[in-house]
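Here's the structure we're looking at; comments come further down.
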Amino acid sequence: MEKYNPKEIEAKWQKYWIEHPELFAVNDDSKKEKKYILDMFPYPSGEGLHVGHVESYTATDIMSRYYRLQGKNVLHPQGWDAFGLPAENYAIKTKIHPTETTKKAIATFKAQMGKLGFSYDWSREVNSSDPEYYKWTQWFFLQLYKNKLAYKAKAKVNWCESCQTVLANEQSENGVCERCGNKVIQKDLEQWFFKITDFIEDKGKTQGLLSGLEKLDWPESTKQTQRNWIGRSEGTTIKFLISNSKFLNKSQLNNDKNFIEVFTTRVDTIFGCTYCVVAPEHKIVQQLAEQILNLKEVEKYLEKSKKKSDLMRMEAKEKTGVEIKGIKVINPFTNEEVSLFVADYVLAQYGTGAVMAVPAHDERDWEFAQKYKLPIKEVIEGEKKVDKIFTADGVLFDSGKFTKMISEKARAEMTKWLTENKLGSQKINYKLRDWLVSRQRYWGAPIPIIYCEKCAHLDPARQGEIPVPEEDLPVMLPTDVDFNPTGESPLKKSKSFHNVKCPKCGGEAKRESDTMDTFVCSSWYYFRYSDSRNKKAFAGKEQIKKWLPVDLYVGGAEHTVLHLLYARFFTKVLHKLGHIKFDEPFLKLRHQGIILAEDGNKMAKSKGNVVNPDEVVEKFGADSLRMFEMFMGPLEDMKPWNTKGIVGIVRFLEKVYKNAGKITDKNITNKKLESLFHKTIKKITNDIESLRFNTAISQMMIFANELDKQESISKIQYEKYLILLSPFAPHIAEEIWKKLGHTKSIFLEAWPKYDEKLIQDEEIELVIQINGKVRDKLRVSADITEEDAKKLAVESEKIKSQISGKKIKKIIFVKGKLISIVI
RNA sequence: GGGCGAAUGGCGGAAUUGGUAUACGCGCUAGUCUUAGGAACUAGUGGGUUUAUCCCGUGAGAGUUCGAGUCUCUCUUCGCCCACCA
């Protein structure tokens, strides 16, 4: 047999697979059990595939090929998350239209995927920038709009001055734009939102974003991150009366000028409240301006903090604030007057935008009180007072009738008291806010809304918003635009796009010129694959029922919050509206770990340490790259690249290839090898099922090493071994398969079965321990009785000398494993 | 500050229910073959020493157990994500 030549072999089989798409395409009518194996569809960047893509796509490719061999009907599609800022930014620089660059990038990606031997069903390919696709993205927007789940509101939003666009809350990280790294400022703008907060808790039969997590087979850390992001916290709202309205009567509580409302999770500490703080945006400053003695100072502080970006606010090491002189507030429990501050460490967007400060039991308040020399009053004591202050739950003191209660009980009792006196109530707060979906950029799906002044009277709440009729979809992206960012959508300057007839009255109207966040496109694409050429619906009911939900979803952990939360939200909306029968899209989720550069750092173009998969394929072959990435370590682990390590895989494949030359049709009986082979089938099968590809490969190597020692190899056994190898290294498997005289693809074969009986060894190595330490090993029959084993053990020369003169306290026997003598 | 996870040879990593620690691969050492090798093959490869019926070894310390990488407690270090969320 000639030498293993991956280049030649791989090109040949890749061509064969393209000519035989039926191998990987699925049949909707098949009675076989379905498996939907999905990759997160990539953004087709100009950079091409990187080794991280190869890692997760190889994992799903192995799973898909494995399940097909197991006789399952496998849907394994791929597509393109094609809208987005990079293509547009590139267009601004080069004047090349994003359609062109995207088309080119997709061609590159697809060619690279072909060269890696991925078995996608390309007949279902989707492209989110294709009008046939974004027509349905727009349709989803209309569904949300019609069900009052999409709304327009003026809001303080994150604005990136460099990208000249609004960002979602999740796209502004630490006050810096996720895309370009420039600072994000706050702007008041009219924006479109999706009401994702409606779905946090269960909604009728639709499980909420919180409780729905319970039933999912997802990494625990991912679920926890989602919970943290939603940020549910149970607490209490409390009204602090403003002191010149001190004498309580009911009418005063109806006027919000007479009190400030705070939110706290620690009402039990309220007897230690020594002041209150409002956020700079809090309305109280405007409402009571005439009563404020140091109005100028306060206003100056508000101005200053308004100019601060979120980043600057967070970077500030010291808390700042100003006392609002002339206004005091009253602690409803003690009836004591406390002073009021405005400080930007209090966030306007969370809770009520005002807090009660308990410096003795809250670190932030303590810090602030230290700086401004404010009183500190302790009211909780616990077993361990850590450092300077006690922030845990404990027992109350100096707290009126609540003294001696434990924190938990005190919270319940105090909240009850507040409720009865109409001074507060129990309240659940969430960090999650509605999803801001409008973008003032070109390369996205246009929002299908038209504004008609004449029709504005029809629904005053909606200010002349007329949804584009479904039959008029898609609202096409115009091509006559200049996409240099100006702070307004480039679509606004396209006359053909912007001016339009009102679908209601036929009069002059204007189109919404914003586009949608690309995360909207990716929130539903997994439905489209089930029926990607459907012209009448985003996917047919039957096809959805047939294929969804997704059985295995693999992708990067960076999408833990954004994409995964939004996709769940969309699925829940469809469930609520009765379109589908399930309310979670991805039953099982796994993340691939990041592949670091050889130097242990993250791969980065700027560092010049990026590994290009094309070069690796060129040098070693796709099978070797695939297997090497799977062999490096557990799929989800972060692991450094090591180019030298690939030769281990190359040697292994060469060995497998070479050993095909030793095949004989003759019946060979080698019990030990047969036993090892059945162990190998079992281990590989179990490891694939649980995505432990590294140990599956090591088992293949163990068996290959054993084959290598044989004079001749049984054809039947070797063929089965090839099938075990084929999901990992499909090209070499097909090649050898053909060389063995087969005319059909190896991927039409059945996955080998193992025989548990053959796995059992006839002889075992019985370990003999004395006080837990291994002292001897004896070869014995596997079914040796306890009695015989004990006898053999004490008769062993090595053991005899160790135990001579000592008394044996007891002897422990573990069947098939060991004898442990205790002296 | 919060959440999650990790720590095993020179390196990446193995180790079903507690039961032979370091599988598999890289690297390294020696040898064989070769005109040559960053090829192939063979043997070896945790540390120590008194070189063998030996001792020590899975971040540190304690505990449970006949027996702990694995279970419990305390601590240290590192990584990732989130972070002034009251």
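No hydrogens, no waters, no symmetry mates; every other heavy atom, side chains included, goes into these values. Below, chain A is the first sequence line, B the second, and so on; all start at residue 1.
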Testing B/rG25, B/rC55, B/rC26 for proximity to the side chain of A/Arg651, the answer is B/rC26

I'd like to know if A/Ser820 reaches the base of B/rC66 with its side chain, counting only an N/O donor and acceptor under 3.5 Å. yes

Here the distance between atom P of B/rG5 and atom CD1 of A/Ile594, to the nearest Å, is 18 Å

Whole-Å distance, A/Lys655 NZ to B/rC24 P, equals 10 Å

Checking N1-N3 plus N6-O4 or O6-N4 for Watson-Crick, or N1-O2 and O6-N3 for wobble, each under 3.5 Å, the partner of B/rC80 is B/rG3

Mate of B/rA21 across any strand shown (Watson-Crick or G-U wobble, both atom pairs under 3.5 Å) is none

With heavy atoms under 4.0 Å as the rule, sort A/Lys773 into base, sugar-phosphate or nothing. sugar-phosphate

By the 4.0 Å heavy-atom rule, please label A/Ser698 as base, sugar-phosphate, or nothing. base

Paired to B/rC75 by Watson-Crick or G-U wobble criteria (both distances under 3.5 Å) is B/rG59

Discussion item. Rounding to an integer number of angstrom, what distance separates B/rU58 and B/rG63 when you compare their P atoms?
Written reply: 16 Å

Does the side chain of A/Ser233 pick up a donor-acceptor pair with the side chain of A/Thr265 at under 3.5 Å? no

Quick note, A/Pro634 side chain, CB onward, closest among B/rA86, B/rC26, B/rG13 is B/rG13

Rounding to an integer number of angstrom, what distance separates B/rG31 and B/rC80 when you compare their C1' atoms?
47 Å

Checking all strands, does A/Val774 fall into the base, sugar-phosphate, or nothing category for heavy-atom contacts under 4.0 angstrom? sugar-phosphate

Q) Side-chain N or O of A/Ser221 less than 4.0 angstrom from OP1 or OP2 on B/rG3? A) no

Taking the same atom, C1', in B/rG79 and in B/rA68, what whole-Å distance lies between them?
26 Å

Between CZ of A/Arg775 and C1' of B/rC66 the distance, given in whole Å, is 13 Å

Rounded to the nearest 0.5 angstrom, the CZ-CD1 distance for A/Phe263 and A/Ile238 is 9.5 Å

Step through it carefully: locate the ring centre of A/Phe240, locate the ring centre of A/Phe259, and say whether they are under 6.0 Å apart.
no

Taken to the nearest whole Å, CG/A/Asp776 to P/B/rU53 is 12 Å

Side-chain contact check for A/Glu765: nearest option of B/rU20, B/rA83, B/rA86 is B/rU20

On a heavy-atom basis, the closest approach of A/Met632 and A/Pro640 is SD-O, 4.1 Å

Quick one: the side chain of A/Glu220 and the base of B/rG5, do they pair up donor-acceptor inside 3.5 Å?
-> no

A/Ile697 atom CD1 is separated from B/rA14 atom C1', nearest whole Å, by 14 Å

Taken to the nearest whole Å, CD1/A/Ile646 to C1'/B/rC24 is 17 Å

Heavy-atom nearest pair, A/Ala59 first then A/Leu635, reads CB-CD1, 3.9 Å

Checking N1-N3 plus N6-O4 or O6-N4 for Watson-Crick, or N1-O2 and O6-N3 for wobble, each under 3.5 Å, the partner of B/rA30 is B/rU42

With a 6.0 Å cut-off on the ring centroids, do A/Phe333 and A/Phe271 count as close? yes

| request: Using only side-chain N and O atoms of A/Lys817, determine if any of them is under 4.0 Å from OP1 or OP2 of B/rU17. | output: no

A/Lys658 atom NZ is separated from B/rC41 atom P, nearest whole Å, by 6 Å

Using a cut-off of strictly less than 4.0 Å, decide whether A/Lys777 has a side-chain nitrogen or oxygen near OP1 or OP2 of B/rU20. no

To the nearest angstrom, the CD-C1' distance between A/Gln699 and B/rG25 comes to 14 Å

Checklist entry - A/Phe390 and A/Trp366: aromatic ring centres closer than 6.0 Å? => result no

| said: Using atom P in both nucleotides, what's the gap between B/rU29 and B/rG47 to the nearest angstrom? | reply: 15 Å

Closest to the side chain of A/Tyr345, out of B/rA14, B/rC84, B/rC55, is B/rC84

Review point. Is A/Met356 touching bases, backbone alone, or none of the nucleic acid, heavy atoms closer than 4.0 Å?
Key: nothing

Under 4.0 Å between any heavy atoms, over every strand shown, what does A/Asn694 touch: base, sugar-phosphate, or nothing? Just pick one. sugar-phosphate

Can you tell me whether the side chain of A/Lys319 and the base of B/rC84 have a donor-acceptor pair closer than 3.5 Å?
yes

Using Watson-Crick geometry (N1-N3 plus N6-O4 or O6-N4) or G-U wobble (N1-O2, O6-N3), each under 3.5 Å, B/rG37 is paired with none

When you measure from the side-chain N and O atoms of A/Asn705 to the phosphate of B/rG25, is any distance below 4.0 Å, counting only OP1 and OP2? yes

Q. Contact class for A/Leu818 (heavy atom, under 4.0 Å): base, sugar-phosphate, or nothing?
A. base

| task | State whether the side chain of A/Ser407 and the backbone N or O of A/Gly394 hold a donor-acceptor pair below 3.5 Å, judged by distance alone. | result | yes

Practice item. Would you indicate what A/Thr222 reaches in the nucleic acid, counting non-hydrogen atoms under 4.0 angstrom: base, sugar-phosphate, or nothing? Key: nothing

